[in-house]
Amino acid sequence: MELRFYNTLSRRIEPFEPLEPGRVRMYHCGPTVYQRPHIGNYRAFLFADLLRRVFEARGYEVLQVMNITDVGHLVADADDGEDKLQAQAEKERIDPWELVERVSAEFFADLEALGVRPAHHYPRATQHIPEMVELVRRLLATGHAYRVGDNVYFDVHSFPGYGRLSGNRVEDLEAGARLEPNPEKRHPADFALWKSDPHHLMKWETEFGPHGFPGWHVECSAMAMKYLGESFDIHTGGEDNVFPHHECEIAQSEGATGQPFVRLWMHTKFLQVDGGKMSKSLGNVWNLDDLAERGFSPLDYRFFVLRAHYRGSLNFTWDALAGAREARRALNDLRGRLAAAAAGAAPGRAPVVERARTDFAAALADDLNTSAAVAALFELRNAFLRDGLEPAGAAAALDFLVEEADAQLGFLDPTAAVGPSDEEVEALLAERAEARAARDFARADAIRDRLQRAGIVLEDSPDGVRWHRS
RNA sequence: GCCGGCAUAGCCAAGUGGUAAGGCAAGGGAUUGCAAAUCCCUCACCCCCAGUUCGAAUCUGGGUGCCGGCUCCA
C-alpha cells in the first residue's frame with residue numbers, strides 16, 4: 001500500500017518517496033523548555049510518533065530527530081533582549097539552566113507516559129552553538145546574510161524562494177508588519193541569524209562579538225543538517241511554525257548549501273478547547289496532570305488525538321475525552337476477549353480480519369487517516385461480538401490488533417505482567433458458582449470483585465459464566 | 001488591513017459529485033440475585049443564501065462563525 005501525504009509545500013497529497021530507498025530521515029520541531037508542555041503541544045509530538053510508527057510498521061529504517069530549544073528566542077524580533085526562557089527563569093528566581101533541566105525532565109516523562117517512542121536524537125540548541133555559527137558564516141560567505149555591528153541578518157531578497165512555503169509575499173509582509181521597523185535591517189522581513197546583547201543571561205562569545213546568541217530559526221537548520229544531512233525527507237511542526245519559522249529555515253538552509261533542504265513538510269492543526277483557542281486567561285491550558293486529576297490516563301489522551309485527522313481541527317472537551325476513554329476501554333476489552341477466544345490457537349484466515357487489516361492499512365496510507373483506521377477496528381469488534389470467531393480467526397484478529405493496529409497507534413494498555421493463572425481463575429469461578437447456588441451473594445460478589453481487581457472480566461450469561469483478561 | 005484553513009447528530013469525528021463511516025452519550029427491549037459486560041432496535045438530509053449539475057455534505061459565488069499566519073507559541 002503506497003503511502004501518500006499532504007505536503008504543505010505543494011499544497012497537495014503526494015506519494016511518498018524517500019531520498020534513500022527503505023530509509024526515512026525526519027526532523028520535528030520540539031518544545032521550548034520554559035514551561036511544561038500542555039496537551040496542545042503534545043498533539044504535534046504524538047503526530048510525529050505516529051509517522052515514525054507507520055514507517056516502521058512498513059519496514060522503513062527511520063532516523064528521527066527532535067530538537068529541544070533551551071535558549072531563549074526573543075520575545076519580539078526587536079532589540080530588547082528579553083526572551084521567554086529568561087523571563088520565566090527570572091519570574092521563578094532561578095537560573096535559566098536550572099529551568100531548562102526541570103522542564104526537559106517533565107517533557108521526557110510526559111512522552112514516556114504517552115507511549116511515544118524515543119527519537120534517535122534530541123539535540124539541544126545550546127550544545128550546537130559552533131554549528132550555528134558555522135551556518136551563519138556560510139550565509140555571510142554566500143551573500144545571503146549581512147552584518148550590522150555584532151548582529152547578523154538574513155537578506156530575504158537574496159533568496160527568491162522566500163514565501164513559497166507559507167504563500168506570503170515579501171511585499172505583503174512589509175505592508176502588514178506590526179513591528180516597529182528595525183533600522184538595522186535592509187528590509188522589515190529580514191530576520192536575525194545572530195543577535196548580541198550584553199544583558200542576556202545565555203550568551204556566547206564568538207567571532208560576531210562577545211555577547212551573542214542565536215536568532216530563533218538557525219538552531220533547527222543547523223541541528224537538522226548535522227544529524228540528517230543537508231537534504232532529508234520530512235520536517236514537521238505545528239501549523240504556527242509554517243511562517244515564519246519554517247519559511248526561514250528553508251531560506252537559511254538552502255541559501256547556505258544550495259541543496260533542497262526538505263522534501264515533505266507536514267503540519268498539525270492546533271488543538272482547540274471548548275470550541276476556541278486555548279489560553280491562559282481562559283484557564284484551559286491543560287497538562288497531563290490536569291487530565292490525571294480528572295481520572296484520564298495519558299493513553300486516553302493519545303487515543304483522543306488519534307481519533308481525529310492530524311490536519312483537521314480537533315476540539316478538546318472533557319466530554320469528548322470521556323468518549324475517547326470509553327472507546328479505548330472497549331478496544332482493550334476486545335484484546336482480552338480475542339485472547340480468550342483464540343485459546344492459544346495459531347492464527348488462520350478469517351474474512352472479517354482480512355477486511356479490517358486492509359481497511360486499516362488503507363486508511364493510514366491515505367495521509368494518516370487515523371479516524372477511519374480506528375473505525376476499522378470497531379468494525380472488527382462489532383463483527384466479532386456479533387458473530388464470534390473460530391480460535392484461528394480470533395488469533396488472527398488478536399495478532400492484527402496488537403501487532404499492526406497497536407504497533408502503529410499505540411493506545412492499548414500494557415498487559416498485566418502477572419495475574420492469576422487460568423486454573424486459579426477457574427477455581428475461583430467454581431467457588432463463586434457454589435456461593436451463588438447457595439444464594440450467598442455477599443461471598444459471590446466478593447470473589448467477583450477480587451477477580452475484577454486482578455484484571456479478569458466476568459460475563460454472566462444464560463449459558464454460564466464466561467471470562468477474559470482485560 | 002493582507003494571506004490561509006475549517007464549519008457534518010447532545011458530544012467527538014470520517015466522508016470531497018451519486019444519495020451520510022466509527023465512537024461516546026441517550027432511549028426501548030433481551031439477559032441478570034444485583035451489577036457489569038454483551039446482544040437486538042432507535043437516533044443527522046451535512047452553518048445560512050444563491051448558483052452549476054440528471055444528481056452536491058462534497059463544485060462556484062456571497063454571508064455568518066471559529067481557527068492559524070503577518071508577533072513568542074505545537
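Chain A is the first sequence line, chain B the second, and so forth, proteins listed ahead of strands; every chain is numbered from 1. Hydrogens, waters and symmetry mates play no part in the numbers below; they use all other heavy atoms, side chains included.
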Evaluation steps, side chain to side chain contact (heavy atoms under 4.5 Å, CB included), between A:Asn7 and A:Arg12: CA-CA 6 Å; A:Asn7 191 345; A:Arg12 62 205 318 167; 5.9 Å; no
SB check A:Arg52 A:Asp49 (cutoff 4.0 Å): no
Quiz item: cation-pi between A:Arg311 and A:Tyr6, 6.0 Å / 45°: yes
So [X], base contact, sugar-phosphate only, or nothing? Heavy-atom distance under 4.0 Å.
X        : value
A:Phe270 : base
A:Ala327 : sugar-phosphate
A:His309 : sugar-phosphate

Rounded distance in Å - CG (A:Asp359) to P (B:G23): 14 Å
Identity of whatever pairs with B:C59 - Watson-Crick or G-U, under 3.5 angstrom: B:G51
Any A:Asn168 side-chain nitrogen or oxygen under 4.0 Å from OP1 or OP2 of B:C70: no
A:Lys277 side chain near B:G68 phosphate (N/O to OP1/OP2, under 4.0 Å): yes
Residues 262-279 of chain A side chain polar contacts: donor-acceptor under 3.5 Å, at least two apart:
{"from": "A:Arg263", "atom 1": "NH1", "to": "A:Glu17", "atom 2": "O", "distance (Å)": "2.8"}
{"from": "A:His267", "atom 1": "ND1", "to": "A:Thr8", "atom 2": "OG1", "distance (Å)": "2.7"}
{"from": "A:His267", "atom 1": "NE2", "to": "A:His246", "atom 2": "ND1", "distance (Å)": "2.8"}
{"from": "A:Gln272", "atom 1": "NE2", "to": "A:Gly275", "atom 2": "O", "distance (Å)": "2.9"}
{"from": "A:Ser279", "atom 1": "OG", "to": "A:Ser281", "atom 2": "OG", "distance (Å)": "3.2"}
{"from": "A:Ser279", "atom 1": "OG", "to": "A:Leu282", "atom 2": "N", "distance (Å)": "3.2"}

Letter per nucleotide, 5' to 3', of nucleotides 33-42 of chain B [B base touched, S only sugar-phosphate touched, - untouched; heavy atoms, 4.0 Å]: BBBBBSSS--
Test item: A:Trp318 and A:Leu291 side chains (from C-beta on) under 4.5 Å apart, heavy atoms: yes
Aromatic ring pairing A:Phe304/A:Phe316, orientation class (parallel under 30°, perpendicular over 60°, tilted between): perpendicular
